[in-house]
Asker: 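I am attaching a structure below and will ask some questions about it afterwards.
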Amino acid sequence: MLKTRKRRLPHLDSEAFRTALIDWYESNRRELPWRRTNDPYRIWISEIMLQQTQVKTVIPYFERFVQEFPNLAALRRASEPEVLSLWQGLGYYRRAKNLLVAAKIAKSVPQSYSELLELPGIGRYTAAAIASIAFGERRAAVDGNVERVISRLCCIDASASKLKRNCESVSQGAMGDANPGDWNQALMELGATVCRPFEPQCDKCPVAKFCKANQTATQSKYPIAKPTAKPKKLVHACVCPVHKGKVGLCKIASGQWWAGMWEFPRTEVDTTETPMTAAERLGFADLQGLLIVKHSVTQYSITLHSFVARAKKQKRELSWFSQDAIAELPMPAAQRKVADALKHAVIST
DNA sequence: GACTCGTGGCT
DNA sequence: TAGCCAAGAGT
């Protein structure tokens, strides 16, 4: 069934390599909140939050999330807005939506790789990570860190998706009788702290003598980088309508960025108009400039111009909230910055 | 296989 | 600083 050509890598499939890696991990592993527990639920939450997100960023979100939803039963009872509120600022909000869907599907955290794979939001990496860390299943988990570590160890010239399968095969074959959870985490930890993208700390690497890239001084060549496009520039304008102490917002429709979250009425600014002209197109007058926020969404870099408008009445197509209520709404990061600025502006006037 | 989806850390 | 990148998954 496995079409992957069996790769013989005696220099990695050895007790010496495993011992060097695991010993290093046991004395250098960072103390992280999700490492203080064997609770499969918490390990699941951490792995979802860690997708494409740095450890440092995740920590406070993880702490708040498991405090609010300490187990699967508690999460299952949550609503999507509640989960999105706890997730706001973390990005990739589909993760939060899929997590909630998965929690409602699963009676308990699935204990095997194949069962985990069936849940929405859980792919090859995450299923392998949870299965190995929480349940000891012998399954290689390959994330960006592991791809970098193994592509350097073996000087693998493959790129993109081929590299991932390739590294899975290598890791699986080299795991031997090591503890699967420790094995996977050791490779990731090594990639995150020593075998970094730039300026790898090879002098501190426990497996440097096994590394072909180190031997040939080609660390910077691996993994093979894919060409990146220049971000496209966009300009957006939004208006914070204020009327009798309330502020008007709208819920973002499905199919758009940040679907299901809340924002101030927003529009694109055409190259032929000014931000204020575009903002007036939203149906407001007497605009006062509030804040300019620069943010980005993958290949777009966006400049968001925000304005305050004293509305004559509360437009019915908007929902009107007090400042305190706005604090509870799930909002995109840039919009949250505008909301914070508005709060201070209103207080100071 | 190539795109899409967020945000902040780091250099 | 501008750009790269992060414990990826879904389509």
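In the text below, chain A, chain B and the rest are named by the order of the sequence lines, each starting its count at 1. Predicted, not measured: the structure shown is a model, and the values here were computed from it.
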Asker: In whole angstrom, give me the gap between the C1' atoms of dT1(C) and dG8(B).
Answerer: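 Comparing C1' positions in dT1(C) and dG8(B) gives a spacing of 15 Å.
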
Asker: Once you apply a heavy-atom cut-off of 4.0 Å, does Gln299(A) come out as touching a base, just sugar-phosphate, or nothing?
Answerer: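 Since only primed, P, OP1 and OP2 atoms lie under 4.0 Å of Gln299(A), the category is sugar-phosphate.
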
Asker: Can you measure Tyr93(A) atom OH to dG8(B) atom P for me and round it to whole angstrom units?
Answerer: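 Rounded to whole Å, this separation is 8 Å.
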
Asker: Can you tell me how far C1' in dG8(C) sits from the matching atom in dG1(B), rounded to whole Å?
Answerer: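 Each nucleotide's C1' atom is 16 Å from the other's.
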
Asker: Between dA7(C) and dC3(B), how far is it from one P atom to the other, in whole Å?
Answerer: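 dA7(C) and dC3(B) have their P atoms separated by 24 Å.
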
Asker: Work out how far the P atom of dG9(B) is from that of dA9(C), and round it to whole angstrom.
Answerer: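 The same atom, P, in both gives a distance of 24 Å.
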
Asker: Which whole number of Å gives the distance between the C1' atom of dC5(B) and that of dC5(C)?
Answerer: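 Here dC5(B) and dC5(C) have their C1' atoms 15 Å from each other.
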
Asker: For Trp257(A) and Thr57(A), take the nucleotide of DNA chain B holding the closest heavy atom to each; which residue's nucleotide lies nearer the 5' end?
Answerer: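 Final value for this comparison: Trp257(A).
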
Asker: If you assign each of Lys56(A) and Gly91(A) to its closest nucleotide in DNA chain B, which residue comes earlier from the 5' end?
Answerer: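 Per heavy-atom nearest nucleotide, the more 5' residue is Gly91(A).
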
Asker: Under the side-chain hydrogen bond (donor to acceptor under 3.5 Å, both in side chains) rule, collect the residues that match up with Gln172(A), sequence neighbours excluded.
Answerer: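 For Gln172(A), no residue satisfies side-chain hydrogen bond (donor to acceptor under 3.5 Å, both in side chains) once neighbours in sequence are set aside.
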
Asker: Under 4.0 Å, heavy atom to any atom of DNA chain B: which of residues 332-340 of chain A qualify?
Answerer: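 Per residue number, the list reads Pro332(A), Ala333(A), Lys337(A).
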
Asker: Can you tell me the distance, in whole Å, between the CH2 atom of Trp87(A) and the P atom of dG6(B)?
Answerer: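 For the pair Trp87(A) CH2 and dG6(B) P, the rounded distance is 12 Å.
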
Asker: Starting at atom OH of Tyr61(A), determine the distance to atom P of dG6(B), rounded to an integer number of angstrom.
Answerer: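 Going from OH in Tyr61(A) over to P in dG6(B) covers 13 Å.
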
Asker: What is the separation between atom NZ on Lys97(A) and atom P on dT4(B), rounded to the nearest whole Å?
Answerer: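 Atom NZ in Lys97(A) sits about 17 Å away from atom P in dT4(B).
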
Asker: Does the ring centre of Trp262(A) sit less than 6.0 Å away from the ring centre of Phe321(A)?
Answerer: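 Between Phe321(A) and Trp262(A), the centre distance is under 6.0 Å.
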
Asker: Kindly give the cluster partners of Val269(A), where membership spreads through any ILVMFWY side chain lying under 4.5 Å from a current member.
Answerer: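 Listed partners: Val235(A).
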
Asker: Flag the pair Trp87(A) / Tyr61(A) as yes when their ring centroid distance falls below 6.0 Å, and as no otherwise.
Answerer: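 Ring-ring flag for Trp87(A)/Tyr61(A): false, centres at least 6.0 Å apart.
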
Asker: Mind checking whether Tyr300(A) and Trp257(A) have ring centres under 6.0 Å apart?
Answerer: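 Ring centroids of Tyr300(A) and Trp257(A) are less than 6.0 Å from each other.
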
Asker: What orientation do Trp44(A) and Tyr41(A) show, parallel under 30°, tilted 30 to 60°, or perpendicular over 60°?
Answerer: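 Perpendicular, since the angle between the ring planes exceeds 60°.
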
Asker: Report the hydrophobic cluster partners of Leu117(A), with the cluster defined as I, L, V, M, F, W, Y residues connected by side-chain heavy atoms closer than 4.5 angstrom, directly or transitively.
Answerer: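 Its cluster partners, ordered by chain and number, are Tyr113(A).
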
Asker: Would you kindly check if the NZ (Lys) or CZ (Arg) of Lys315(A) is within the cone defined by 45 degrees around the ring axis of Phe284(A) and under 6.0 Å from the six-membered ring centre?
Answerer: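 Flagged: Lys315(A) positioned over aromatic ring of Phe284(A).
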
Asker: Please list, chain by chain and in numerical order, all residues satisfying salt bridge (Lys or Arg N to Asp or Glu O under 4.0 Å) with Glu273(A), sequence neighbours excluded.
Answerer: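 So Glu273(A) forms a salt bridge (Lys or Arg N to Asp or Glu O under 4.0 Å) with Arg281(A).
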
Asker: Which nucleotides of nucleotides 3-11 of chain C have their base under 4.0 Å from a protein heavy atom (B), which only their sugar-phosphate (S), and which neither (-), written as one string 5' to 3'?
Answerer: -S-BBBBS-

Asker: Between dG9(B) atom P and Arg196(A) atom CZ, what is the distance in whole Å?
Answerer: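 Answer to the nearest Å: 17 Å.
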
